[in-house]
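It should be emphasised that the depicted structure is a prediction, and the values quoted were computed from it without experimental measurement. Just so we're on the same page: letters track the sequence lines, and every chain starts at 1.
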Amino acid sequence: MSRLAAQKKRRDYSILGPENQLAQQKGLVAAEWYTSPIPRQRMKELMKRKNGPAIRDTIIWVAALGITGTLAYYSWGTWWAILAFAVYGVLYSSPGDSRWHECGHGTAFKTPWMNEAVYQIASVMSLRPATPWRWSHTRHHTDTIIVGRDPEIIAPRPPIWRLIMMDFFRLYIGPRDVKRMIMHCFGVIHPEEKEYIPASEHRKTCWESRAYVLIFAIVIGACFYTGSILPAMFIGLPSLYGAFMVLLFGMTQHLGLKEDVLDHRLNSRTIYMNPIFRFLYWNMNYHSEHHMFPMVPYHALPALHKEMKPDCPEARKGLWAALSEVFGALIKQGKDPSYTVVKPLPATARPYYYGPGTVASDNTAAAGKG
Amino acid sequence: MWIEVCKADEIDEEDVLRFDHEDRTFAVYRTDKDEYYATDGYCTHEKFHLSNGLVMGSTIECPKHNGRFDVMTGQAKRAPVCVDLKTYPVKVENGTVYIEL
Ligand code: FES
């Protein structure tokens, strides 16, 4: 297929479009998903909440931001500032994203107020209106990678490279969310947000955005007052210039894998990562595990992975291995939008559960391509 | 009408058991204080069995999106749960748990 023909074949990924209805008709919405068999007793141990790991990680995070921030401050005006701010930006953006995520699930800390406090701070740091993203992520878990339902699909098939490139510096999703926050200040909720946020949460959405916009306004004010961009280099802009690791991690989660299936082993990717990446990403490299059992806290995901291993395809060997699989698949999808990676299961695993949405020919076509 | 659910020790402390009766499903809890409670079995957010969730004290956390309810009152405690859960009277007699429907 030519690239142009492939572009024309792209489905409508909007959650306000006709695919939403189609997904419902196919029985893919709020459906029963496959879960790996894990004894209840073991599951209870894995679900157990703790404050210790998240408090420790938060102290390390704040300290690392303090140290790199100080270095960045004193290097301002020299070439060293580029390096210092690059590190500061990654430490701001990437844990900002993963802490936003884990605290949104309420699994990071045992104590609810700690989850909520870090959730709000991390939402500011990842440039996300807090309540809309909480609900969008809820939908992402109900209807993971179901076209027309999941608002968090990073790229359609075939991919739109321009948007992916922009999001290396959060230049597509960032301005979209800032625009939405400004609209919230005037009480206006975007129609897409209305699709997944219940009306009872609209007021809260608006008040949170007013607070966030005020914070950003103060930072901008500080820039004018000091006649320097420096204040925004510490709060606000790192969400953009430090975002590339967020995107790289995010791209490995689902891209290149199946759409419209009811088995997280088919649409999510588990990867082994080094301890530094796992600290930044708060163990979300165990992504199939997280999706199948979202009530297991990040610190218990390596243990959950051990339990699920006999029932799952082999984990990818590292971030770069995963990214090369993803980019390879996206490039192939440019010509053949139906291309997906399906990894073989070990003999100990139960078969994949495709659910009602995937046509058999698509499976057979893709199965050999893993 | 009181319906027999299970033996009292079939539910661990701080745990929940799924109980299906006719075409309905319920969740029966034993709290950390050794008290028994019962609610509807499905979460009010979406149709997921609460019995796969986590009991913490007298709170149940739904396994799908981590919404929370107070099992004693059925009160919704944490988004995405917004609607309270229906509760049912429970009694324990001679080591057996009953719920009133
Ligand atoms: S189904 Fe229970 S919180 Fe969503």
Measure the spacing between CD of B/E14 and NZ of A/K48 and express it to the nearest 0.5 Å. 6.0 Å
In this structure, are over 12 heavy atoms from other groups packed under 6.0 Å from A/K44 atom NZ? yes
Indicate yes or no: at least one non-hydrogen side-chain atom of A/R40 is less than 4.5 angstrom from one of B/D12. no
Shortest non-hydrogen pair, B/A79 vs A/W135, comes out as CB-CZ2, 4.2 Å
Within a strict 4.5 Å, meaning less than it, do heavy atoms of the B/K64 and A/W33 side chains meet? yes
Grab the two heavy atoms, one from A/P112 and one from B/R68, that are nearest each other, plus how far apart they are. CG-NH1, 3.8 Å
Within-4.5 Å side-chain heavy-atom neighbours: B/P63 and A/F293: no
Should we count CH2 of A/W207 as having more than 12 external heavy atoms under 6.0 Å? no
Stepwise, does the side-chain contact (heavy atoms from CB on, under 4.5 Å) test hold for B/E46 with A/V29? CA-CA 11 Å; B/E46 279 165 17; A/V29 171; over 6 Å; no
Can you establish whether the number of heavy atoms outside A/K204 located under 6.0 Å from its atom NZ is more than 12? yes
Separation of B/N66 CG from A/H105 NE2 (nearest 0.5 Å): 6.5 Å
Heavy-atom cut-off 4.5 Å, strictly under: side chain, backbone, both or neither for A/T131 against chain B? neither
Picking from A/E32, A/E116, A/E201, A/M47, which has the most non-hydrogen pairs under 4.5 angstrom with chain B? A/M47
Which bit of B/S51 comes within less than 4.5 Å of chain A, counting heavy atoms only: side chain, backbone, both or neither? backbone
Should the heavy atoms of other residues, nucleotides or ligands under 6.0 Å from CZ of A/R203 be counted, would the total exceed 12? no
Would you mind telling me which of B/R78, B/M56, B/K77 has the largest number of heavy-atom pairs within less than 4.5 Å of chain A? B/R78
Check the pair A/T138 / B/H45 against side-chain contact (heavy atoms from CB on, under 4.5 Å), numbers first and verdict last. CA-CA 10 Å; A/T138 297; B/H45 174 232; 3.4 Å; yes
